[in-house]
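Okay, structure first, notes after.
Count residues from 1 along the sequence.
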Amino acid sequence: MQSNNLLDFDDLLLKTYELFTSFPKVLSKYQQRYTYILVDEFQDTNMIQYNILKLLAEKSRNLFVVGDDDQSIYAFRGADYTNIKKFRIDFPDHKQFYLTQNYRSTQVILDGCNSLIKNNVNREDTKLWSNNPGTNEDCIIRQLRNHLEEADFVVGEIVRLYKDCKSYNDFAIIYRSTPLLRNFELRLIQENIPYRIYGGVSYLRRKEIKDIVCYLSLIIDHNDIFSFKRIINVPRRGIGDKTLVEIDKLLLEEKDLFKTIEKVKDKISPARYRALADFKTMIEELSQKLDELSLVDFYDEVLDKTGYLQMLIEEEDTEERITNLMEFKSILHQLDNDGQIATSREKLQAAFDEAMLSEEQTPLHKDPKDAVTLTTVHSAKGLEFRYVFFVGLDEGVFPSYGSMDDDEALEEERRVAYVGMTRAKEKLYLTSARERLLYGYTNIYRPSRFVLEFARGLKHFQNDWLDEEEKEGKTKEVEVKVKQTTIRNDTDYKVGDKILHKVYGEGTIVGINNQIGFVVFVKDQKVAKFDLTHPSITKLEKKGTN
């Protein structure tokens, strides 16, 4: 970058700071040019940004900052809400104004939000208030039996409320992480309710999901030309456009893709033909496996034999894409256990016929003018809706197990919850599920401590499970039992091995690149990268058949 005279975003900040500190005349020039400085969303500034501001305002002392430490939710990007405290120290002559009147939410909603956020220690002691008192019906808290009932409840409420408001733009479904999106997206499709994914991509439209769906489709139907063309070079197999042109020509006569592959041998190079023939053989072998295995086990075979998972493992910053692939197991797990007496092939074919796994339904929902908004909390910041459904509020999902032993991380998670709940204007739904299927695992959960902290601020709220949760303690974790296992300390790992991490608990290795393992953790419901030689990780060896 230096040899090409280029800067990235970090460099723009660092080099500006270096310029100001190394060349006083340059700093003086800009101090005179910018004599009044306003910074909005001050809690989202990072250390280097604050130091630049401090230098610029050093002479004029005219620095006006607006911020809310309760809405600092971008620590993962380097945001440092303690800049608010630094400002007070570095500018002791400041004047401070508290803007605590809220013009969005009813007082009932704010009572719950105030009750939630006061559990954070490192914050200003402020409390929001509203001129709109609201009613006891403004906050609805539900623990559903499982993730499917949760989606049914949310979509059912949208259908009911829509009869009066007549606008889907009034509704938002907010979630902490994208794997939770799938259930609600599919349920909205079933009800033919238009929706938009705000600040992200639909689960069904993500590249890795579309790719893997094409593999499954081609395994079922060897004549699926669209799927063949999409995934023939994913991962790369050295098959170019010229080869595909020759296949298209022969297809006009043969009408059969796999027979065409056999006949194209004389039209292309031997290396390209071998790649085509190997691909054809792989698809045929996987098709046979489909008749022998459960869908979840078959899916593992597809990820392995196609090389798709290994391709992602060898690329940079693909943890989220791998996580999405693992979550696809949940769809297959549901098909495996739908109670129907049918083969894996028949169940998968039926799912395609219903367009539950294909993208055919999604064009109906491309940027509609009137639609339900589905969004992560981080993307929802700054937005507001009449009706907000904050879903997936399970202890261990939100907050995640990984944040429970870290006070700073837990306070950040609580601020994220606070931001999501304050998006509601008239009615706020908080939902959790007793059983939740994520990444192909079904776990038992308790309602999130954030729900309990919110509920304590509602004078009218009474619920049996709330009393039970308070008795047993809000920080109790879901037990994850390691059945009939012994610990091994060797590092001879392979894909599919079970491991035990001292902090995150039990997990399954889904990919290995040298000694770096990609692990799906049962407790934390996420994919993470770890050095498999690290002493915090041990191998679990199964004993017996149970």
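Salt bridge status for Glu284 with Lys280: present, with a side-chain N to carboxylate O gap under 4.0 Å. Between Glu253 and Lys263, no side-chain nitrogen of the basic residue sits less than 4.0 Å from a carboxylate oxygen of the acidic one, so the salt-bridge criterion is not met. Salt bridge status for Arg187 with Glu191: present, with a side-chain N to carboxylate O gap under 4.0 Å. Comment: Glu327 does not engage Arg206 in a salt bridge, judged by the lack of any side-chain N to carboxylate O separation of less than 4.0 angstrom. One finds a salt bridge joining Glu18 and Lys15 here, because a Lys/Arg side-chain nitrogen approaches an Asp/Glu carboxylate oxygen to under 4.0 Å. Between Arg434 and Glu149 there is no salt bridge, since none of the side-chain N atoms of the basic residue sits less than 4.0 Å from a carboxylate O of the acidic one. Using a 4.0 Å cut-off between a side-chain N of Lys or Arg and a carboxylate O of Asp or Glu, Asp211 and Lys207 qualify as a salt bridge. With salt bridges taken as basic N to acidic carboxylate O contacts below 4.0 Å, one links Asp248 and Lys229. For the pair Lys381 and Glu41, the salt-bridge criterion is met [side-chain N within less than 4.0 Å of a carboxylate O].
Atoms CG and CD1, from Leu188 and Ile173 in turn, are 5.0 Å apart once rounded to the nearest 0.5 Å. Annotation: the span from Phe258 atom CZ to Leu276 atom CG amounts to 10.0 Å, rounded to 0.5 Å. Within the model, atoms CG of Asn46 and CZ of Arg77 stand 12.0 Å from one another, a figure rounded to the nearest 0.5 Å. To the nearest 0.5 angstrom, Ile219 atom CD1 is 9.0 Å from Arg345 atom CZ. Ile239 CD1 to Ile261 CD1: the interatomic distance, rounded to the nearest 0.5 Å, is 8.0 Å. Put simply, OH on Tyr299 and NZ on Lys329 are 8.0 Å apart, with the number rounded to the nearest 0.5 Å.
Under the 3.5 Å distance criterion, the side-chain polar atoms of Thr431 are left unmatched by any main-chain donor or acceptor of Glu150. For Thr16 (side chain) and Leu12 (main-chain N/O), a donor-acceptor pair under 3.5 Å exists by modelled atom type. Gln310 places no side-chain N or O within donor-acceptor distance of the main-chain N or O of Gly307, the cut-off being under 3.5 Å. No side-chain donor-acceptor contact under 3.5 Å links Asn183 to the backbone of Leu148. Formation of a donor-acceptor pair under 3.5 Å by the Glu412 side chain with backbone atoms of Ala75 is found in this model. In this structure, the side chain of Arg415 engages the main chain of Ser72 through a donor-acceptor pair within 3.5 Å. A donor-acceptor pair under 3.5 Å is formed between the side chain of His378 and the backbone N or O of Ile73. Remark: side-chain polar atoms of Ser294 are paired, donor with acceptor, to backbone N or O of Asp297 under 3.5 angstrom. Under the 3.5 Å distance criterion, the side-chain polar atoms of Thr281 are matched with a main-chain donor or acceptor of Ala277.
The nearest pair of heavy atoms linking Ala151 to Phe184 is CA-CE2, 3.6 Å. The two residues Ser403 and Glu413 have their closest heavy-atom pair at OG-CG, 3.7 Å. Annotation for Ala433 and Asn146: closest pair CB-C, 3.6 Å, computed over non-hydrogen atoms. The two residues Met282 and Lys305 have their closest heavy-atom pair at SD-O, 3.3 Å. Among all heavy-atom pairs drawn from Ile231 and Cys214, the shortest one is CG2-CB, 3.9 Å. Among all heavy-atom pairs drawn from Phe385 and Asp170, the shortest one is CB-O, 3.6 Å.
Within 6.0 Å of atom CG in Asp241, 12 or fewer heavy atoms from other residues, nucleotides or ligands are found, so the atom counts as exposed in its surroundings. Counting heavy atoms of neighbouring residues, nucleotides and ligands inside a 6.0 Å radius, atom OH of Tyr273 exceeds 12 of them. A 6.0 Å sphere centred on CZ of Phe76 holds more than 12 heavy atoms belonging to other residues, nucleotides or ligands. Summarising the local packing, CE of Met311 is surrounded by more than 12 heavy atoms from other residues, nucleotides or ligands at distances under 6.0 Å. For Lys267, the NZ atom counts as loosely surrounded, since its 6.0 Å shell holds 12 or fewer non-hydrogen atoms of other residues, nucleotides or ligands.
Contact of the Arg196 side chain with the Asn169 side chain is registered, since non-hydrogen atoms from C-beta on lie closer than 4.5 Å. The side-chain heavy atoms of Leu309 and Ile313, taken from C-beta on, include a pair separated by under 4.5 Å. Residues Met326 and Leu303 meet the side-chain proximity criterion, which asks for heavy atoms closer than 4.5 Å. Using a 4.5 Å heavy-atom cutoff, the side chains of Phe390 and Phe450 are not in contact. Under the 4.5 Å side-chain criterion, counting only non-hydrogen atoms from C-beta, Val416 is in contact with Arg176. Considering only heavy atoms from C-beta on, Phe328 comes within 4.5 Å of Ile331 through its side chain. Counting heavy atoms from C-beta on, the side chains of Arg230 and Lys210 come closer than 4.5 Å. In this structure, the side chains of Leu290 and Thr343 stay at 4.5 Å or more apart for every pair of heavy atoms.
With hydrogens and angles left out, the side-chain atoms of Glu435 and Thr442 include no donor and acceptor closer than 3.5 Å.
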Start with the C-alpha distance between Asp370 and Ser167, add both sets of side-chain angles, then the distance that settles side-chain hydrogen bond (donor to acceptor under 3.5 Å, both in side chains), and finish with yes or no.
-> CA-CA 6 Å; Asp370 184 37; Ser167 174; 3.3 Å; yes
| request: Please lay out, stage by stage, how Asn324 and Arg182 fare under the test side-chain hydrogen bond (donor to acceptor under 3.5 Å, both in side chains). | output: CA-CA 10 Å; Asn324 290 330; Arg182 176 185 58 84; over 6 Å; no
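Residues satisfying the side chain to side chain donor-acceptor pair (under 3.5 Å) test with Thr376, not counting sequence neighbours, are Ser379. Partners of Lys259 under the side-chain contact (heavy atoms from CB on, under 4.5 Å) rule, at least two apart in sequence or in another chain, are Glu254, Asp256.
Note on ring orientation: taking the six-membered ring where Trp is involved, the planes of Tyr429 and Phe153 are perpendicular (angle over 60°, cut-offs 30° and 60°). Between Phe279 and Tyr215, the two ring planes are tilted [angle within 30° to 60°]. Tyr168 and Tyr162 have parallel rings, their planes meeting at less than 30° on a 0 to 90° scale where 60° marks the start of perpendicular.
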